Amino acid sequence: QVHVVESGGGLVQAGGSLRLSCAASGRSFNNYAMAWFRQAPGKDREFVAAIKWSGGTTDYADSVKGRFTISRDIAKNTVYLLYLQMNSLKPEDTAVYYCAARGTKWPARSPYDYGDWGQGTQVTVSS
C-alpha cells in the first residue's frame with residue numbers, strides 16, 4: 001500500500017523560510033516524477049515544483065523560481081524523501097502544500113499527471 005506523508009508546514013513571517021518534507025513508500029518511484037502542488041482557499045490546486053527521481057531534473061513554476069528549491073534523497077529502506085526549501089516567503093505563498101508522486105510524464109505540471117498524493121500541510125505567511 002502506498003503512503004505519502006508531508007510535514008514541515010507552519011506559520012512564518014514574510015521574508016522567512018520553511019522546509020517541507022515528504023516521505024513516500026509502498027512502491028518504487030525510481031522511474032517517476034515527484035512534485036509539490038499548493039492550493040489556497042477558493043483556488044485550484046497549482047503546480048509549484050517537480051523533480052525526476054532518476055537524474056534529478058527539476059521544473060519550477062515562475063512564481064517560485066529563484067525562491068524555492070526542490071530536492072530528493074536517494075531511496076532508503078524503500079522510503080523516497082522529497083523536500084521543498086522555501087525562502088523569501090510571501091503572503092501569497094499561503095496555501096496547503098501537497099506532495100505528489102508517481103508522475104508518469106515530463107514535464108508534469110498538472111495534478112492529473114500524478115497518481116499518489118499526501119494529505120497536505122498548511123503553510124501560512126504573515127505580512
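Keep in mind that this is a model prediction, so the values were computed, not measured. In this chain, numbering begins with 1 at the start of the sequence shown.
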Side chains of [X] and [Y], heavy atoms from C-beta outward: is any pair under 4.5 Å?
X      : Y     : result
Tyr98  : Val4  : no
Ser25  : Val79 : yes
Pro111 : Gln39 : no
Val64  : Arg38 : yes
Thr104 : Tyr32 : yes
Cys99  : Trp36 : yes

Euclidean distance, [Y] [atom2] relative to [X] [atom1], rounded to 0.5 Å:
X      : Y      : atom1 : atom2 : result
Ser71  : Leu82  : OG    : CG    : 7.0 Å
Arg72  : Lys52  : CZ    : NZ    : 11.0 Å
Trp106 : Asp113 : CH2   : CG    : 10.5 Å
Thr69  : Tyr83  : OG1   : OH    : 14.0 Å
Arg45  : Ser110 : CZ    : OG    : 11.0 Å
Phe29  : Tyr80  : CZ    : OH    : 7.5 Å

Smallest separation among heavy atoms of [X] and [Y], with atom names:
X      : Y     : answer
Met34  : Cys22 : CE-SG, 4.5 Å
Ala23  : Leu81 : CB-CD2, 3.9 Å
Val12  : Leu18 : CG1-CD1, 4.0 Å
Ser127 : Pro91 : CB-CG, 3.8 Å
Gly9   : Leu20 : N-CD2, 3.6 Å
Ala108 : Phe47 : O-CE1, 3.8 Å

Original post:
Which residue, Lys65, Lys105, Arg109, forms the salt bridge (charged side-chain N to carboxylate O under 4.0 Å, His left out) with Asp59?
Top reply: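 Checked Lys65, Lys105, Arg109 against Asp59; only one passes salt bridge (charged side-chain N to carboxylate O under 4.0 Å, His left out): Arg109.
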**OP:** Return yes when atom CD of Gln13 has more than 12 non-hydrogen atoms of other residues, nucleotides or ligands closer than 6.0 Å, and no otherwise.
**Re:**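 Count not over threshold, so no.
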Original post:
For the residue pair Tyr97 and Phe68, does the interplanar ring angle fall in the parallel (under 30°), tilted (30 to 60°) or perpendicular (over 60°) class?
Top reply: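 Plane angle between 30° and 60°, so tilted.
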[Y] backbone acceptor or donor facing [X] side chain under 3.5 Å:
X     : Y      : value
Glu6  : Gly120 : yes
Tyr60 : Arg67  : no
Thr94 : Val125 : yes

Original post:
Going hydrophobic residue to hydrophobic residue with side-chain gaps under 4.5 angstrom, can you get from Val96 over to Tyr114?
Top reply: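 Linked within one cluster.
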Subject >> Path from Phe37 to Ile70 over hydrophobic side-chain contacts below 4.5 Å >> reply: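 Shared cluster, no.
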Original post:
Any ion pair linking Lys90 and Asp93 (charged N to carboxylate O, less than 4.0 Å)?
Top reply: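 Lys90 and Asp93: not salt-bridged.
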**OP:** Take Asp116 and Arg27, measure what salt bridge (charged side-chain N to carboxylate O under 4.0 Å, His left out) needs, and give me the verdict at the end.
**Re:** CA-CA 11 Å; Asp116 298 309; Arg27 65 167 297 142; 5.1 Å; no
